Amino acid sequence: MILGAGFGDLTQIVTANLAASYHDPLPVAAGSVLCLRAVAGLAIVGGRALLRCIPLTVITRIAAAIMTALALLSLIKVIRGK
């Protein structure tokens, strides 16, 4: 599922453009993999630190509220045609 959802992601498009621009795909691929791992590591460390301060139920409710607000904004934009 994650592999399918990631196709056409902005980071993949940028990585492909960098590989095409510099005509050397191996360093670009290595850099993109290292960046992905760094971001994942920061997310894990940050998530664990956040869980020490805030209960998971509160984090889940905040995330749900943010996603609901983004969905409503998207719906409003679709209805208005902008």
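Reckoned from all heavy atoms, side chains included, excluding hydrogens, waters and symmetry mates. Treat the numbers as computed from the prediction; the structure is a model and nothing was measured.
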Result block: side-chain N/O donor-acceptor pairs under 3.5 angstrom for residues 13-29, not counting sequence neighbours:
{"residue": "Thr15", "atom": "OG1", "partner": "Thr11", "partner atom": "O", "Å": "2.8"}
{"residue": "Asn17", "atom": "ND2", "partner": "Ile13", "partner atom": "O", "Å": "3.4"}
{"residue": "Ser21", "atom": "OG", "partner": "Asn17", "partner atom": "O", "Å": "2.8"}
{"residue": "His23", "atom": "ND1", "partner": "Ala20", "partner atom": "O", "Å": "3.3"}

Tell me, please, which residues at least two apart from Leu72 pass side chain to side chain contact (heavy atoms under 4.5 Å, CB included). Thr68

Remaining members of hydrophobic cluster (4.5 Å side-chain criterion), Val39: none

Using distance only, find each side-chain donor-acceptor pair of residues 49-61 under 3.5 Å and give its atom names and separation, not counting sequence neighbours.
{"residue": "Thr60", "atom": "OG1", "partner": "Leu56", "partner atom": "O", "Å": "2.8"}

Residues clustered with Ile44, ILVMFWY side-chain links under 4.5 angstrom: none

Could I get the full list of side chain to side chain contact (heavy atoms under 4.5 Å, CB included) partners for Leu36, not counting sequence neighbours? none

